[in-house]
A.B. asks: 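The structure that follows is given in the form of C-alpha cells.
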Amino acid sequence: MDENILHEIAGRFRLTGRIASVRPLGDGFINDTFIVRTEADAPDYILQRKNRTVFVDVPAMMENIRKVTEHIRRKVVAAGGDPLREVLEVIPTHDGALYHRDAQGEYWAVSRFIPDAVSYDRADTPALACKGGEGIGKFQSQLADFDEPLADILPGFHDIRFRFRQWDEALRRDAAGRRDEVAEEIGWIESRRERMLAFRRLAEEGALPLRVTHNDTKIANILFDRSGEVLCAIDLDTVMSATSLNDFGDAIRSYANTGDEDDRDPARVGLSMEMFRAYTEGYLSQRAAQLAPAELDNLAFSALYITYEQVLRFLMDYIDGDTYYKVKYETHNLVRTRAQYRLLLSMEEQYDGMCAAVREIAAKYR
Ligand SMILES: Nc1ncnc2c1ncn2[C@@H]1O[C@H](COP(=O)(O)OP(=O)(O)O)[C@@H](O)[C@H]1O
Ligand SMILES: [Mg+2]
C-alpha cells in the first residue's frame, strides 16, 4: 500500500509525536499490520487493517477489546506493573472512535507498540510451551472477575452442535461428489458424535462457566520481555465469552502435536506428553486456584474435543469441494483430516495419562 495513504490514515488517530514512517510488519495471518514510527522519543504504534471477511462486525470487536484491555490495565496498575508493556492499549481516533472506516469500507485500528518485547513463531521446546500456557493463563486470570457482556464475534465457534448442522447439510448436499470416497473418515466422525455432544452440553447447561477466552492462543500472540517473562497477550480480535476450556484444548492441539497439522506422514503425528505436561504446567500455575472442579475434570478432554472439531471441519470442507480452507493440492483437506485424526487417536490412547497429569499439576497450585 502507498505510504502516503497509510500516513494519512494513521494521522486520524490520537498519536503522540510526528509520524516518521509507516511500514508493513509481516507476521500476522489475519490482518494487515503496519508499524508507525514516530520522531524523537514519542511512542511507536501498530496500525492494522482488520480482516473484513473473517470479522463481520469490527465495531463490536473493537468494543470487546476496549473493555477487556481496560480491565486488564486496572489489574496491572493495582499490582504495580507497567501498563505500557503489560497490556495492549487501543488508541482512539481524534473523534474518539475505536476505529477508522475508509472510503472503501475498510476498518483500521491502532494500538500502542509494545517496546522491548520478544515474540516466537512457534513453541518447539517444553520450556516455551510452559511459557505459552502461562501467557494465556495469566490473560484468563486477569479477567477472572470480568463481568461485562462481550459481543459474539465468531458465532458458532467451537460449538459442535452448530458444526453438526453444517456437517449434516454438507453430507446431504455432497457438493463435490466426494462423499462415498470418504465413507471410512465419515465413520470416524459419526462414531464419536454423541460423546462430543455430551461434552458440549456441559457448556450449554452451565456446568462449565462462561469466561473470557482469547481464541487464538498461538505463541506468536504472546509478548515476552527480554528475560523471557510474559508481558501480555496481544491479537485480541477474537476475545469472546465461552468456556475457558476452548483456549486450553486449542492450544494443546497445536503445541503438543509432534507432527504438522497437514502432515503427509501420519507416523510423525501424535500427542507429545512432554509438551502437554509443559503447557498444562504453565497454564495451571496461573489458573488452578480459580478454575471450578468441573473445569479441571474436563480440561484434558477439551483437547480431544477441539481436535475432533478440526477433523470434522477439514473433512467437511473436503466434501464441500474446498470452499473454506485454502488448499495447496487436491487432497490437502483430506491429508489434514487424516493427520488431525491421527492426533485425536493418540490423545485417546493417552487420555488417562493426560487426566492424571492435570490432577497432579493442579494439586500443586491449589
Ligand atoms: N501492540 C503491539 N506491540 C508490539 N507488537 C505488536 C503489537 N501488535 C501486533 N504486534 C506484532 O504484529 C504481529 C501481528 O499482529 P496480530 O495482532 O497478531 O495480527 P494477526 O491477527 O494478523 O495475527 C504480532 O504477532 C506481533 O509480532
Ligand atoms: Mg496474531
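Values below: every heavy atom of this structure, side chains too, minus hydrogens, waters and symmetry copies. Both ligands and their constituent atoms are indexed starting at 1 by order of listing.
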A.B. asks: Please name the atom of D235, restricted to N, O or S, that is closest to the Mg ion (ligand 2).
C.D. replies: OD2
A.B. asks: What part of Q48 sits under 4.0 Å from ligand 1 if we count only heavy atoms: the side chain, the backbone, both or neither?
C.D. replies: side chain
A.B. asks: At under 4.0 Å between heavy atoms, which part of N51 makes contact with ligand 1: side chain, backbone, both or neither?
C.D. replies: neither
A.B. asks: For ligand 1, note which part of D216 has a heavy atom under 4.0 Å away: side chain, backbone, both or neither.
C.D. replies: neither
A.B. asks: Can you sort out the partners of E194 under side-chain contact (heavy atoms from CB on, under 4.5 Å), two or more places apart, ordered by chain and number?
C.D. replies: L197
A.B. asks: Does NZ or CZ of R200 lie under 6.0 Å from the centre of the six-membered ring of F164, at an angle within 45° of the ring axis?
C.D. replies: no
A.B. asks: Between F34 and R23, is there a cation-pi geometry (under 6.0 Å to ring centre, at most 45° from the normal)?
C.D. replies: no
A.B. asks: Any atom of ligand 1 sitting under 4.0 Å from a heavy atom of A117?
C.D. replies: no
A.B. asks: Looking at R173 and E169, is any side-chain nitrogen of the basic one under 4.0 Å from a carboxylate oxygen of the acidic one?
C.D. replies: yes
A.B. asks: Return the CG to CZ distance between L296 and R287, rounded to the nearest 0.5 Å.
C.D. replies: 9.5 Å
A.B. asks: What residues form a salt bridge (charged side-chain N to carboxylate O under 4.0 Å, His left out) with R52, not counting sequence neighbours?
C.D. replies: E106
A.B. asks: Just heavy atoms, cut-off under 4.0 Å: does I46 contact ligand 1 by side chain, backbone, both, or neither?
C.D. replies: side chain
A.B. asks: Tell me the contacting part of I234 for ligand 1: side chain, backbone, both, or neither, using a 4.0 Å heavy-atom threshold, strictly below.
C.D. replies: side chain
